[in-house]
Amino acid sequence: MPRLALYALAVCVLAVVAAVVSFARGSWIGVVWILLAGISSNMTWYYLRKAKIDRAVAEEGAREAAA
């Protein structure tokens, strides 16, 4: 798993925990944490897909070079 994807996933998990704690205490600031969790979740998927595509392109280039 790419390093940036791991960092984004960690931020997502921490933001969800912070949102739960905020809502449990009766604070509406949890909405901001939910938004941050959504953004970091999208970043995680983006970096995972980007790594998968980069890997496929590198393998295709290796195949073409070998032929």
Side-chain angles (χ1 to χ4, degrees):
M1 183 178 263
R3 186 180 310 160
L4 288 175
L6 285 174
Y7 291 156
L9 182 62
V11 169
C12 182
V13 170
L14 291 174
V16 169
V17 170
V20 169
V21 169
S22 293
F23 284 130
R25 291 185 177 181
S27 175
W28 283 96
I29 197 75
V31 173
V32 175
W33 290 114
I34 292 293
L35 294 174
L36 182 63
I39 290 170
S40 60
S41 172
N42 288 343
M43 289 174 62
T44 301
W45 285 116
Y46 171 79
Y47 287 123
L48 286 175
R49 282 184 292 164
K50 183 177 182 303
K52 182 179 177 182
I53 291 169
D54 289 345
R55 222 176 306 122
V57 168
E59 288 175 5
E60 185 67 29
R63 283 190 206 127
E64 289 178 3

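With sequence neighbours excluded, the residues forming a side chain to side chain donor-acceptor pair (under 3.5 Å) with Lys50 are Asp54, listed by chain and number. Among residues two or more places apart in sequence or in another chain, the side chain to side chain donor-acceptor pair (under 3.5 Å) test is passed with Glu59 by none. A search for side-chain contact (heavy atoms from CB on, under 4.5 Å) contacts involving Ala51 returns Pro2, Arg55, not counting sequence neighbours.
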With a 3.5 Å cut-off and sequence neighbours excluded, list the donor-acceptor pairs that the side chains of residues 31-45 form with protein atoms.
residue	atom	partner	partner atom	Å
Ser40	OG	Cys12	N	3.3
Ser40	OG	Leu36	O	3.0
Ser40	OG	Ala37	O	3.1
Thr44	OG1	Leu9	N	3.2
Thr44	OG1	Ser40	O	2.9

Would you tabulate the side-chain donor-acceptor contacts of residues 20-28 under 3.5 Å, counting partners in other chains and residues two or more places apart, or write 'none'?
residue	atom	partner	partner atom	Å
Ser22	OG	Ala18	O	2.9
Ser27	OG	Ile29	N	3.2

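Membership of the apolar cluster around Val57 extends to Ile53, as traced through chained side-chain contacts below 4.5 Å between ILVMFWY residues.
There is no path of hydrophobic side-chain contacts, each under 4.5 Å, that joins Val11 to Leu6. Leu14 is not connected to Val16 by any chain of hydrophobic side-chain contacts under 4.5 Å among Ile, Leu, Val, Met, Phe, Trp and Tyr, and they are in different clusters.
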